[in-house]
Amino acid sequence: MFESLQSRLEQALKKMRGQAKITEENIEEAIKEIRTAFLDADVNFAVVKKFIEDIKAKAVGMEVKGNLLPGQLVVKVVYDELVELMGAQKSELLYARSGPTIILVAGLQGSGKTTFCGKLSVYLKKKGRQPLLVAADIYRPAAIEQLKVLGQQANVPVFTVENANPRQIASDSLQYARKYNRDVIIVDTAGRLTIDEEMMNEVEDISKLLNPVETLFVCDAMTGQDAVNTAKAFHERLNLTGVVLTKLDGDTRGGAALSIRTVVGKPIKFVGIGEKIDALELFHPERIASRILGMGDILTLVEKAQSEIDEKEAAKLEEKIRKNEFNLQDFLEQLKVIKRMGSLKDLLGMIPGMDSAMRNVQIDDKAFSKVEAIIFSMTKEERSNPKIINGGRRRRIALGSGSSIQDVNRLLKQFEDMQKMMKMMTKGNMASKMRNFKMPTGFRR
Amino acid sequence: MGFFDKIKAKVTSVFEAVGFDKLVSGLEKTRAAFVNRLQKVLGGGRKIDAQLLDEVEEILITSDIGVTTSAKIIENVKATVKKERFENAEQIYDLIKQEILAIFAKAQQQWTPLDYNLTGKSKPYSMLIVGVNGVGKTTTIGKLSNNFKNHGKKVIIGAADTFRAAANEQLEVWAERAGVDIVSQHQGADPAAVAFDTMNAALARDTDVVIIDTAGRLHNKTHLMTELEKIGRVMKKNRADAPNEVLLVLDATTGQNALQQAREFTKVAPLTGLILTKLDGTAKGGIVIAITDELQLPVRFIGVGEKIDDLQLFDPVAYVEALFEQPEKADS
């Protein structure tokens with residue numbers, strides 16, 4: 001897991017304690033940390049260099065005031081700059097004023113073009129459009145077949161011409177779209193390397209032929225330093241109008257987004273966040289900014305939780321926490337939900353500040369099973385009111401769950417701590433409180 | 001420095017090997033850019049100083065080698081410079097090469113070599129091919145089967161990517177091109193069942209090599225990783241030593257996340273090696289150096305094009321040489 005930039009910055013800015021202003025000298029260490037964080041996130045080297053200079057210019061001279069630590073102040077400057085850089089331009093899809101809207105989709109092999117085209121057609125249908133998918137990848141085996149299957153899932157027609165070249169397919173698709181009244185044409189092209197002159201000529205020809213309203217460059221969010229070269233090369237040939245960042249449901253920090261945004265200057269319009277045909281989203285600059293900074297992705301966490309937790313249940317739980325009625329039975333149910341959501345460490349990593357708090361904590365998901373077993377061995381009454389669990393009951397619970405009395409004691413102590421933490425949380429400022437919260441020892445190994 | 005003398009001798013032989021031209025031309029752009037910049041930094045009789053080392057580090061980082069590994073390489077180079085009292089900037093060039101080669105060599109030493117002859121390997125020799133989406137697993141398997149077939153091996157492919165639309169069809173085309181057997185089921189079938197059937201078919205048909213294709217999966221998706229674990233487990237049912245290889249396919253354009261991929265995949269399907277694809281583009285795939293350094297995994301094959309014979313056995317010397325080679329030497 002990545003260390004959060006904020007904790008590293010706080011370390012680096014230690015010598016600033018007691019100083020009221022950010023100066024060229026006292027920010028030096030912090031700048032180094034920002035640089036490393038950005039490079040670790042795969043932001044292009046040259047882009048990092050320029051970005052750092054801008055940040056320095058902005059931060060130097062700033063006064064540290066209020067409750068902010070110097071590290072937090074610097075992170076804020078960096079974060080704001082990132083968001084501004086990536087979201088300055090509105091990123092909605094453009095449509096043709098008259099006639100069908102043509103969207104040309106291009107990129108390297110394996111970046112996820114075909115999957116994106118399928119998803120885009122679903123998105124457009126939801127918007128009340130009549131899309132047509134055009135299969136112009138005649139090179140990769142079964143690429144056309146893949147698009148056909150996706151078209152079927154999306155209930156969108158797929159156009160192609162047997163034994164024709166991509167130029168032919170593209171131009172024929174126009175007539176087909178007119179004849180069958182399709183108002184958006186999505187052209188899926190083959191993956192190509194930027195140094196493959198012949199293939200680059202081909203896609204350039206298609207572009208000239210179709211004169212698309214949108215030319216979207218599909219880029220794998222995991223791309224490293226080369227993202228800049230590739231995006232630039234495609235932009236020179238095709239005059240891109242936007243970027244699609246795919247596979248963002250992985251755990252990459254996605255620095256390529258910043259690199260491409262800086263180099264090409266075109267907005268990121270969509271992000272791919274899963275393998276399902278509706279796993280497409282509009283781009284949120286704040287989210288990618290937190291991601292690049294390693295500040296966690298609280299929104300993703302919230303969404304993940306949302307998909308697993310029933311709204312009503314959540315409201316009930318919140319009420320319970322607020323009234324301090326959260327008991328072991330509730331805890332057990334929460335454990336189940338968390339287990340469904342995936343690895344605990346991944347989840348915690350999405351919480352800002354938790355990343356650094358958890359740095360040295362090894363979390364074993366199996367530890368859950370033990371906790372569950374212990375709670376299973378309690379009576380209903382004990383679960384709802386743990387205070388009644390005396391020595392005798394503890395012995396019985398330990399025997400029943402195949403654990404030791406110490407284990408039971410530890411769980412009860414943890415639960416008590418947890419209740420205390422919940423009390424604090426209801427009073428706000430979660431992240432800073434969390435930092436003071438000691439992780440239950442049962443989760444350590 | 002006996003080790004490096006050996007390496008130098010090997011370089012010469014590698015240059016004569018057939019595959020090298022292709023790698024060189026494949027890496028042409030990469031290398032040209034890299035070498036130009038290195039020469040800019042190292043040329044002109046410069047002295048070795050902190051600024052020079054910073055510039056060299058920059059070049060390493062832009063090859064996706066990563067901050068940590070780059071820093072480590074530089075540290076080692078610094079130590080050598082001090083110890084051997086090097087002064088000339090051009091000597092740095094060799095030292096970096098040697099550092100990277102040492103990383104590859106150390107990892108490689110811990111594994112028995114793997115080539116298409118499969119000398120001394122068990123039969124059938126089973127390989128499980130894993131990786132995230134879009135790295136080129138299916139294409140690599142097509143090429144791999146072709147190469148084994150050309151070495152007189154009987155190959156069977158298991159189409160255990162039952163998830164992606166038309167993955168079966170794609171693999172069938174490759175199997176046909178290579179002229180090898182394939183076991184597949186319908187889309188949505190249990191991939192572990194496909195792997196199991198393939199192992200059985202291999203045993204029944206006296207097959208030399210089993211290659212199991214798997215669906216691309218992001219390493220942070222718990223259920224998909226559990227599924228992969230199951231595939232590995234099921235393969236063992238009839239052959240306790242299966243899978244003999246678990247190869248992680250990495251896209252050369254991938255940045256630092258590849259390290260995370262390797263760490264996570266090896267938890268559920270203990271990796272025995274790496275395959276680096278798309279080296280014919282402008283990306284350098286330097287992250288394999290970081291992965292090799294951390295996880296001590298050998299790079300087994302590299303993909304340098306889209307044609308069926310564009311998969312080569314990985315040769316660290318050739319790889320590093322191709323990255324660092326002076327342009328005029330490559331022309332000769």
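Throughout, protein chains are lettered first and strands after them, A, B, ... in sequence-line order, and every chain is numbered starting at 1.
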(request) Answer with side chain, backbone, both or neither: which region of A:Lys148 has an atom nearer than 4.5 Å to a non-hydrogen atom of chain B? (result) neither
(request) Enumerate by number any residue of residues 110-120 of chain A whose heavy atoms lie under 4.5 Å from heavy atoms of chain B; in the absence of such residues, state 'none'. (result) A:Gly110
(message) Is B:Glu264 close to chain A through its backbone or its side chain, or both, or neither, when contacts mean heavy atoms under 4.5 Å?
(response) neither
(request) Look at A:Thr223, A:Asn229, A:Val149 and state which one has the largest set of heavy-atom pairs under 4.5 Å with chain B. (result) A:Thr223
(message) Please tell me whether B:Arg164 and B:Gln187 have a donor and an acceptor in their side chains that are separated by less than 3.5 angstrom.
(response) no
(message) Using modelled atom types and a 3.5 Å cut-off, is there a donor and acceptor pairing between side-chain atoms of A:Arg261 and backbone atoms of A:Ala256?
(response) no
(request) For each of A:Gln152, A:Lys247, A:Met222, A:Arg140, tally heavy-atom pairs with chain B at distances under 4.5 Å, and name the one with the top tally. (result) A:Met222
(request) Indicate whether any N or O donor in one side chain lies under 3.5 Å from an N or O acceptor in the other, for A:Asp220 and A:Thr246. (result) no
(message) Tell me every residue that passes ring-ring contact (aromatic ring centres under 6.0 Å, His included) with B:Phe163, counting only those two or more places apart in sequence or in another chain.
(response) none
(message) Other residues, nucleotides and ligands only: do more than 12 of their heavy atoms fall within 6.0 Å of CD on B:Glu176?
(response) no
(request) Answer with side chain, backbone, both or neither: which region of A:Asp249 has an atom nearer than 4.5 Å to a non-hydrogen atom of chain B? (result) both
(request) May I ask you to check whether B:Asn257 and A:Asp42 show a side-chain donor-acceptor distance below 3.5 Å? (result) no
(message) Check B:Lys72 with B:Asp293, please: is the shortest side-chain N to carboxylate O separation under 4.0 Å?
(response) yes
(message) For A:Thr230, give me all partners under side chain to side chain contact (heavy atoms under 4.5 Å, CB included), at least two apart in sequence or on another chain.
(response) A:Leu108, A:Thr194, A:Phe217, A:Asp226, A:Phe234, B:Thr282
(message) Taking ring-ring contact (aromatic ring centres under 6.0 Å, His included) as the definition, give me every residue that meets it alongside B:Phe301, ordered by chain and number, with sequence neighbours left out.
(response) B:Tyr116
(message) Looking only at heavy atoms and a cut-off of under 4.5 Å, which of B:Gln170, B:Lys278, B:Glu306, B:Arg177 has the most pairs with chain A?
(response) B:Gln170
(request) Could you tell me whether the side chain of A:Lys50 and the main chain of A:Phe45 form a donor-acceptor pair under 3.5 Å? (result) no
(request) Examine the side chains of B:Ser63 and A:Gln225 and answer whether a donor and an acceptor come within less than 3.5 Å of each other. (result) no
(message) Does any backbone or side-chain atom of B:Gln261 lie under 4.5 Å from a heavy atom of chain A? Answer side chain, backbone, both or neither.
(response) side chain
(message) So which residue, A:Lys49, A:Gln153, A:Arg35, A:Gln146, ends up with the most heavy-atom pairs under 4.5 Å with chain B?
(response) A:Gln146
(message) Heavy-atom pairs under 4.5 Å with chain A: which of B:Gly255, B:Ala167, B:Gly136 has the most?
(response) B:Gly255
(request) Among the options B:Val173, B:Thr277, B:Thr254, pick out the one with the most heavy-atom pairs lying under 4.5 Å from chain A. (result) B:Thr254
